[in-house]
Structures are given as C-alpha cells and as structure tokens.
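Atoms within each ligand, like the ligands themselves, are counted from 1 in listed order. All residue numbers in this chain count up from 1 along the given sequence.
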Amino acid sequence: MTELKELYPVGEQPPLGYVPPKMYAWLVRPERFGEPMKAWQVEEIDTPEPADDEVLVYVMAAGVNYNNVWAGLGIPVDVIGARNKAGEPERFHIGGSDASGIVYKVGKDVTHLKVGDEVVIHCGAWSRDDPWVKAGEDPMYSSTFRIWGYETNWGSFAQFTKVQAHQCLPRPQHLTWEQAAAYMLVGATAYRMLYGWAEHALRQDDIVLIWGGAGGLGSMAIQIVKAAGGKAIAVVSEDDKFDYCMNLGAVGCINRKNFDHWGMLPHWKDTVGYNQWLKGVRSFGKAIWDVLGERKSPRIVFEHPGETTIPTSIFVCDTGGTVVICAGTTGYNATVDLRYLWMRQKRLQGSHFANDDQAKGFNDLVLAGKADPCMSRAFTWDELPYSHQLMYENKHPFGNMAILIGAPDFGLGKNIPEPAGLTTIEPTAEIRERDGFYRAPLHPVDEVKVKEPAAEDTRLVREMMHYGVIASSTATPVDEVAQRMSEYGVHAIVVVDAEGYAVGVVSQTDVVLARQGRSLEELSRLTAGAIMSQHVVSCTPETTISDAVTLMTRNRIHRLVVADTRSGRPWPVGVLSMTDIITYGMRTAPIGASSMSLPPSALATDIYEPMVPEPSLADLGFLEDSTLVSDVMHHGVVTSLRNASVMDAAKQMLEYGIHAVVVVGDDGHAVGVVSQTDVVLARQGRTVEQAATLSVGDIMTPSLVSCTADRKLSEAITLMTRNRVHRLVVVEDKAGKLMPVGILSMTDVIRQFFSRN
Ligand code: NAP
C-alpha cells in the first residue's frame, strides 16, 4: 500500500479519493499586490473542505483569464478585502476561473457527481438558498452570483479547487487536459450572448457580425454560429487572421484597419464630421455586403470592444436586430445615435457569463466535436505568473491559454479519437503587442472604500479656484469671442445677460464648429448667443473638490464655472480647472516649482471683462481644406516613460503648462496618454501616499487620439470633436510604430483663426 502523504509535490497525483491535508497553491496577498510576476507566489496551505453542495476537484489544468491580472493588481477592487468584509477570513486569493480535473470529494447533498469523475468547470457560482434561484429563475440575475476564482476564493491555481457541484460538466475525452481547461469561460459567455436572449436567439441562416474573430470570445462565437447553420462574418485587424477565422467556419472576414471611422460619434451638430463618419460606416456596411454577396445586414452583432465600435455596430445591425455586448475593452462610454435605434427598432443587449444550461449548451458542442477550444499556448506550473504577465503587457498570443497544474506533462488526457468532422484549429501562438487595448474586469465586486483623511474630504472649490471669468454678452459676434479666447488663453467664455448672470458657455469647440461647414457670410451673422451651450456646468465655491471633479469628468470638461447662486441665479465668480486641482490637490502644498494657477484670493464678485481689438471677418478663410496640421501644430512633445510615477507626470504638466503627457515605450514610440483628468482621478479616493505608488502606466489611457502632420486641419478638428478632446498628438508612422512629433490643440486652431490679422 502506498503511503499517504500530507503534501504532494506538484505533478504527483494523490491516490484517487485521498485528499491530503495540505496543498500547493499560487496565491495573491494584499501586501504584494502588483504586476503578476510580483503578485503571484506559491505557498503551502490547508486544503479546503467542500460544503454540502460542493465538490473538491483535483485540478489537472487551469485556464488563463484577465481577471486574475486584476486580482493580482488589487485594482479596481481588492478582492481579498471585499471577501474579508463579507465575513470570509482568508487573507489571500487563489485565482483561476477555468479548469479541467478529477473529482476527489463530494459534499453530502451532491448526487450527480462521484469521486473519479473527470470534469471541466464553469465559473458561475451562486447561492442555492437565494429565493430567486430557488424559484427556478435565471441565477445570472441573482445578487449572489459570483465568478469563481475571481470574486470567490479557491480557484483553479492550486492542486485542489472547491466548487459548487453544478459548475462541473463532463470533460471531453478527445481533448488534452490543457485544451479542456481553456474554453469554458469564453465559450459559455459566447453561447449566452447568442442564445440567451429569446427574441434574438441564434437561428439557421442568421448573419452574425463578430468583432475580434480570432480572439478568445470571437473564435468561440464563429463556431457556435457555424454549428447553428448561420453565417459568421469576422472582423479582425490583420489579413493574416483571415485563414484562422475561415477555418473556424466564418463565411468571410473584414480587416478593420481598412477603415478609420472608429471611436465615439461626432456630435450630431457637427455636420461636416457626421457626414465623414457616415461615409466611413457606410463603406464598412458595404464590406459586409461584399462578403455576403448580397445586400443583407447582420441580425446579431457580437460586441465586446465597446466604445470604439458600438456606433458602427448599431448602424450596421439589421432592422429589428440586436447588438449583444459583454465587455467594453476599448472603453465604457459608448455613444449611440438613437435615431437608428428607435426608428429601426434595434436592441442593445448586455450579457454576462452564463447559467448552467448555457454552459452545458456550449460543452455539448465541444463534446460533439463542433467547437474546438482554440488553445493557442499552454504553460507549465512554474510559468503561471509569466502567462499573466504576458497578458498584463498585452503580449499574449491570440486565442485561449492554459496552465498545467496537476497534469505532469503537455498532451496528456486525450483518451479517445476526435469525433468525426471535428474542426481542428492550429494554434496561433505568436506574440504580438496589442495597442489601445484595455481589459475590463469581468464582474467587479463592490468597491472597498479606501479611507481618506477626513481633512481632505472637506476641501472646497473656493480654496483652489481662480477668481474672475472672461465673459461676453449673447450679442457678441463669434469672431470676437474667438479672439478673446486666443488673447487670454482660455478654452471657454461665459456668456452673461445684461445683468451679469450666466446664461451660457461658448467653448473653443463651439467656435471651431461654427466655422466648419459655413460660409464666411453665414459666420459673420453668428453671435455668442446663437452658438453657446445653454447648459452651464457650474458649481458653487462651497462645492467639495471631489464633487467638482465628478462634474467635470461626467461632462468631459477640464474646467467649471464657479457661480454664486445665493440670489437664485448663477452669478459667475470664477473658474476651477484641472490644473488648479493638480496644483493644490495632489498634496496639501502645491507640487512643482512653477504653476499655472494663481494663488487663491478673496472672493470677488465682479466679472473680469477685458477690452479686445475688433477682429476682421475676412481673415477667417484659413480653414480652407488646403490647411494642413503641419501648418498649425506645435513641434515637440512632453513625454514620460510608463514606469514614471504619477507625481512626476503631475509635475511635468504644471512645469510645462500642459494638459496631457504622452507615454512612450523604450524606443520612444507612443503607447498612451496621461491627461490631467487621469492624474486627478488617480488621487480621488486615495491617500497621497497611495497615489504616489501609482505609475504612469497604471493610469494612462492606452489609446492615443493622434493624426499625422500631413492630415487636413478640418479632419483633425473632427477627430478632436468626436473624441471630446482639445488636442491631438501629431505622430510619424515609423514601421508601424507611432513616434510623437508634436501637438495640435484647439487653441492653436483658434490662434490661427486670427494670425492673419
Ligand atoms: P481577446 O482574446 O484578447 O480578443 C479580443 C479581440 O478584440 C482581439 O482579438 C482583437 O481582434 C479585438 N479588438 C481589440 N481592439 C479592438 C478594437 N479597438 N476594435 C475592434 N476590435 C478590437 O479577448 P477575449 O477573451 O475575446 O475577451 C474580450 C473581452 O471580453 C475582454 O474585455 C474580456 O474581459 C471580456 N469578457 C467578458 C466576459 C463576460 O462574461 N462578461 C467573458 C469573457 C470575456 P483584432 O485586433 O483582430 O480586431
């Protein structure tokens, strides 16, 4: 008889049914939150005991998902702290939300599993005692729903995992252990997206547009559509992914790099920009028809990129069709032209993971050989942090990845031949850096509030604002408004009535858009009152700084009008800008030797309205199409390395009087941008010490709103208005890498407005 051990080396399987009291596990602890290579460490811990409705599974292989990059970082939520708050004592997290393995112990209420069963595990966990679940409703709507191995502890990155019995499904015997561990999270998610929404459940002959066809979710979606007799059209970013998607069963592919209308919608008032966008999206729609060989639109659009693609998805979706979405990988503020949504009665449907039936639905497709796990690369036990580090750095191969846990070698566990007609997919293990890619955590648990020094919570706008505003009346001609902006270096002018109360705001964008698409004669008749926004985003001097910051970020602006409202109407007394907040808000004392901001002074009640020279309307002709970005831009860019501290970036902004810093890689190519807003938000809800530990890479926006110097100025303006930004990074494309060479700002555009005076 073999001697039973207290702890087994990784790769040595204990006798079936014997659960050693100790096990090895890859753990995250709060004191080492950070990049995967630092956060994840092997420790020896007590093997957990399954509850009555649970089983203990000896893990053979685990899947890799981005959630456990987030868990290791401890952002946006500290999953350990959240669980401790909910009463769980463990001060560690064992991740892993995909697995294949063997049942070693069953809880007393488990009837459909026995020791020795080989299983794959889906990551949907919920309380069987929840009345909603008991009533037979979809447990995905239960408030007790949790993602196992992210929101719950005891995931698959350990010799044993503790799961609810209903999470286990039969393991396909024609797959290796690592292949079997790679597909369930993405496969079941794709299955619910395509079958979970009754009116729009996938049908034979349906046309389905699939974003990221060569990615984890997309590769599963193509196979599900093919199995249903539908027509999957895959969108990818390189032609060399076409074959991969076609082998999976796509009827055609589109390279999204052939189009450039991505991102938020142009404002509907921006007729020039909107028409350009329409041209772009129509040519994308035509590409769908070309693939199909007929003028038909997709009944289902399979979405996850989010912010950059939603406007297109809604537009190309068929009348009465659906856009179903499970992530916002490129950002969450998707814009929708509601006219298409209501007139053509389309649906925008959110979807999240899957219930037992849907996980089984997908597993049945794999068992029948109708879906391949598309495993691109498998890693050894020791490489677990490395596999996540690759993901963290956006350098992981496309498709799905897995890690050997209990399986002693690659390629084991394949016990029967593949089913007839199986789609076999060659792995695509090549590593490519992905630009502009942001991963949302699957399902953030409630944020644990970081304790803030009470004194800072109470800081008020009046302590940091500038006193005095640049104003105009409703009758002031637009060109004069523009001249004032340029002269005083402000980005917006408050419009006041005869008594001095604020009635609107004219921004630089309003002025530039007033010129776009208008003749000079038309422009000469425009006044501030005609182009102003009547909605003055304002606060009072007594508003707290954190409320003021939220007001700005919600409205995508960098400064607020501060108004005295004691009389019941807004009397503008000053302005609070992001620069002011960085100057006075990052520390208790200002950071940086110089600052753009004036020190706070006594409350002023008068409006600062300087006299300006009369501009000539005849000079407005510069915005002809022949003007190029290179004619107007500033040369030179202030840059920062990814690992620089947030405090350094804040200092750079103040020293150079700029609103954003371009983040560059080692060879100088642009990898992202950190704006004043990013810096201010990094400080919100954190202590100064916590904010100081963040690096530029942690808070940057990885997508860069940029253009080349040879672009037409009018196109660059539209790019700014669509992305709600006031400046563009001007880049040179060097062998596919974007090297920053300058900046084009709305201020430059307005200055150019008057440069021929
Ligand atoms: P993935 O394997 O990295 O694939 C994502 C694909 O998106 C990439 O292959 C890429 O393809 C495409 N893409 C990237 N940037 C794009 C852009 N700007 N526009 C259009 N397409 C773009 O990731 P995944 O496993 O499929 O997961 C995708 C997202 O879904 C992630 O955010 C993930 O966290 C989330 N997710 C959510 C759930 C849920 O239950 N809610 C479940 C699983 C995954 P090309 O570059 O070739 O176009």
Side-chain angles (χ1 to χ4, degrees), residues 63-70 97-98 122-124 140 145-148 150-151 182-193 196 209-222 233-242 244-245 250 253-264 284 301-313 324-332 334 349-355 358-359 362 373-377 390-392 394-401 428 431-444 702-704:
V64 184
N65 294 291
Y66 208 87
N67 279 331
N68 278 296
V69 174
W70 289 118
S97 305
D98 256 323
H122 80 63
C123 64
M140 286 304 302
F145 173 81
R146 299 281 182 276
I147 298 277
W148 155 72
Y150 174 56
E151 291 165 288
Y183 63 81
M184 188 52 90
L185 190 147
V186 279
T189 302
Y191 197 92
R192 180 179 177 91
M193 289 171 76
L209 184 77
I210 297 170
W211 293 102
L217 283 173
S219 55
M220 300 296 117
I222 294 174
I233 302 172
V235 186
V236 287
S237 57
E238 270 147 301
D239 286 357
D240 61 7
K241 292 181 188 165
F242 281 21
Y244 185 77
C245 296
C253 298
I254 298 173
N255 186 339
R256 65 181 165 91
K257 290 273 163 74
N258 295 336
F259 306 86
D260 62 1
H261 63 284
W262 311 116
M264 291 202 239
F284 182 80
V301 180
F302 185 89
E303 252 285 354
H304 48 91
E307 191 168 293
T308 63
T309 50
I310 278 284
T312 302
S313 295
V324 59
I325 183 159
C326 73
T329 314
T330 61
Y332 310 128
Q349 175 69 55
S351 192
H352 184 49
F353 190 59
N355 59 31
Q358 290 150 352
F362 186 73
C374 293
M375 192 195 68
S376 54
R377 182 163 172 189
L390 282 179
M391 261 197 164
Y392 173 66
N394 266 342
K395 290 178 178 163
H396 54 297
F398 287 96
N400 300 312
M401 300 190 287
T428 52
I431 287 176
R432 295 184 198 180
E433 193 157 350
R434 303 156 187 219
D435 287 331
F437 204 65
Y438 174 73
R439 292 292 192 109
L442 256 191
H443 193 271
S703 54
L704 195 69

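With atom 27 (O) of ligand 1 as the reference point, the heavy atom nearest to it among Val64, Leu217, Ile325, Leu185 is part of Leu217.
Numbered from 1 in the order shown, with element, the atoms of ligand 1 that lie under 4.0 Å from a heavy atom of Thr330 read 17 (C), 18 (N). Annotation for ligand 1: atoms under 4.0 Å from non-hydrogen atoms of Phe353 are 39 (C), 40 (O). Of all atoms in ligand 1, numbered sequentially from 1 with element shown, those under 4.0 Å from a heavy atom of Val186 are 25 (O). For ligand 1, the atoms lying closer than 4.0 Å to a non-hydrogen atom of Ala327 are 29 (C), 30 (O), 32 (O), 35 (C). The distance from ligand 1 to the heavy atoms of Thr309 drops below 4.0 Å at these ligand atoms: 19 (N), 20 (C). Under a 4.0 Å criterion applied to the non-hydrogen atoms of Gly215, ligand 1 contributes the atoms 2 (O), 4 (O), 9 (O). For ligand 1, the atoms sitting less than 4.0 Å from at least one non-hydrogen atom of His304 are 5 (C), 6 (C), 7 (O), 28 (C), numbered in the order shown with element in parentheses. Residue Gly212 has at least one heavy-atom neighbour below 4.0 Å for each of these atoms of ligand 1: 6 (C), 7 (O), 11 (O), 12 (C).
The closest side-chain donor-acceptor pair between Trp262 and Thr330, if any, does not fall under 3.5 angstrom.
Looking at Arg377 and Leu390, their side chains come closer than 4.5 Å, going by heavy atoms from C-beta outward. In this structure, the side chains of Val235 and Phe259 stay at 4.5 Å or more apart for every pair of heavy atoms. Two residues are said to be in side-chain contact when any heavy atoms from C-beta on lie closer than 4.5 Å; Leu217 and Trp211 fail this criterion. At least one side-chain heavy atom of Asn400 sits less than 4.5 Å from a side-chain heavy atom of Met220. At a threshold of 4.5 Å between non-hydrogen side-chain atoms, the residues Val236 and Tyr244 do not count as touching.
By the criterion of a heavy-atom distance under 4.0 Å, both the backbone and the side chain of Cys326 are placed next to ligand 1. In Val236, the parts holding a heavy atom less than 4.0 Å from any atom of ligand 1 are both the side chain and the backbone. Only the side chain of Lys241 comes within 4.0 Å of ligand 1, judged by heavy-atom distances.
Classification of the Tyr183-Phe362 ring pair by plane angle, with boundaries at 30° and 60°, yields tilted.
Residue contacts with ligand 1: Arg256 is placed with a nitrogen or oxygen under 3.5 Å of a nitrogen or oxygen of the ligand (distance criterion only). At a 3.5 angstrom cut-off on N or O pairs, His396 does not count as close to ligand 1.
The main-chain N or O of Asp98 is never found under 3.5 Å from a side-chain atom of Asn65 such that the two would form a donor-acceptor pair.
Rounded to the nearest 0.5 angstrom, Ile325 CD1 and His304 NE2 are separated by 9.0 Å.
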